[in-house]
Amino acid sequence: MERIPILKMGRFLLVTIQVDLYDRLALTLEEDLVQMVYDTGASGVLIDISALSIVDSFMGRIIGNIAGMSSIMDAETVVVGMQPAVAITLIELGLPLAGVHTALNVERGMALLESRMSARPDDTSDADDD
Amino acid sequence: MPMTIKENMAIQQERDLVYCRNRVKEIAAKIGMGIVNQTKLITATSEIARNMLRYAGGGNVKVEVITRGKLEGLQLVFEDSGPGIPDINKAMQDGFTTGNTLGLGLPGAKRLVNEFAIQSVVGKGTTVKILKWKNG
Ligand SMILES: Nc1ncnc2c1ncn2[C@@H]1O[C@H](COP(=O)(O)OP(=O)(O)OP(=O)(O)O)[C@@H](O)[C@H]1O
Ligand SMILES: [Mg+2]
């Protein structure tokens with residue numbers, strides 16, 4: 001069966017979507033990613049959609065599901081590289097990508113995750129919580 | 001001289017959706033439609049074609065280059081012989097769904113194009129016609 005590869009990079013998982021997905025493939029990716037967050041205990045998921053020329057309500061829902069389920073397992077999701085035309089279209093379509101962070105590219109997405117990790121109170125020994 | 005393009009595509013399975021979107025994008029690019037309008041058009045296309053697949057077991061898409069005076073654009077007609085939609089006003093509202101998803105497809109598609117018309121007869125089928133101007 002066809003599958004989208006998921007890469008483990010330290011504490012994070014990276015998925016690069018290279019082609020416009022048909023529905024079954026997108027659903028398989030959702031299942032694989034959630035399973036892998038669970039198996040690896042990853043604290044962040046990066047989804048690179050720079051090659052996608054379309055995000056419709058179906059794909060949007062998949063991304064939302066991944067973010068939602070990952071957050072239950074204490075991992076944050078960042079969507080990186082969304083083309084400007086896709087972003088404009090998503091807003092007009094009315095799709096709320098709730099709970100999903102966005103970044104311009106993988107590098108910045110990674111930095112965003114790192115900064116959010118270090119901002120977690122239980123991760124910092126010198127946290128000053130009065 | 002305006003191009004005369006007329007094409008028919010069957011939507012019978014998920015992969016047909018991907019093909020249809022790509023083909024519409026190609027034709028849109030060919031008439032010089034900008035990338036933002038292309039993206040809006042194929043997103044609307046995806047929503048309506050997916051509805052046909054999901055609620056009507058498939059259907060047909062007719063793509064045509066249209067000129068009206070100085071305007072040039074693409075017209076798409078989606079036709080199925082599915083169960084039809086009992087209450088179109090309801091179906092056109094954000095959040096209305098019988099498929100337990102977001103209920104965004106039809107109202108969202110309408111926002112993304114210049115003209116949108118839907119006709120449905122219960123027991124006979126549904127026809128959705130959309131038009132996107134090249135520079136609209
Ligand atoms: N071709 C069709 N044949 C029969 N019923 C349809 C058709 N297209 C849409 N509908 C009905 O209209 C409702 C609204 O459609 P719409 O695309 O707006 O939302 P949805 O498909 O339910 O959710 P989403 O598109 O956000 O996944 C559907 O739930 C369905 O009941
Ligand atoms: Mg729909």
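Proteins get letters first, then strands, A, B, ... in listed order; numbering begins at 1 in each.
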Classify the side-chain pair A:S70/A:E76 by whether it contains a donor and acceptor separated by less than 3.5 Å.
no

Using non-hydrogen atoms only, which part of B:A44 is less than 4.5 Å away from chain A: side chain, backbone, both, or neither?
neither

Counting only N and O atoms by type, is there a donor-acceptor contact under 3.5 Å from the side chain of B:D16 to the main-chain atoms of B:Q12?
yes

Contact origin within A:L90 toward chain B - heavy atom pairs under 4.5 Å:
neither

Below 4.5 Å from any heavy atom of chain B, which atoms of A:V55 appear? Answer side chain, backbone, both or neither.
backbone

From CD1 (A:I17) to CG (A:L25), nearest 0.5 Å
9.0 Å

Without hydrogens or angle criteria, can the side chains of A:Q35 and A:D39 be said to hold a donor-acceptor pair below 3.5 Å?
yes

Less than 4.5 Å to any heavy atom of chain A: does that hold for the side chain of B:D94, its backbone, both, or neither?
neither

Are B:R111 and A:E92 close enough for a salt bridge, meaning some N to O gap below 4.0 Å?
no

Can A:D20 and A:S53 be counted as having a side-chain donor-acceptor contact under 3.5 angstrom?
yes

At a heavy-atom separation under 4.5 Å, does B:K110 approach chain A through its side chain, its backbone, both, or neither?
neither

Return the option, out of A:L95, A:D23, A:V86, with the maximum number of heavy-atom pairs under 4.5 Å with chain B.
A:D23

Using a cut-off of under 4.5 Å on heavy-atom pairs, state which of B:L102, B:I35, B:T101, B:L17 scores highest against chain A.
B:T101

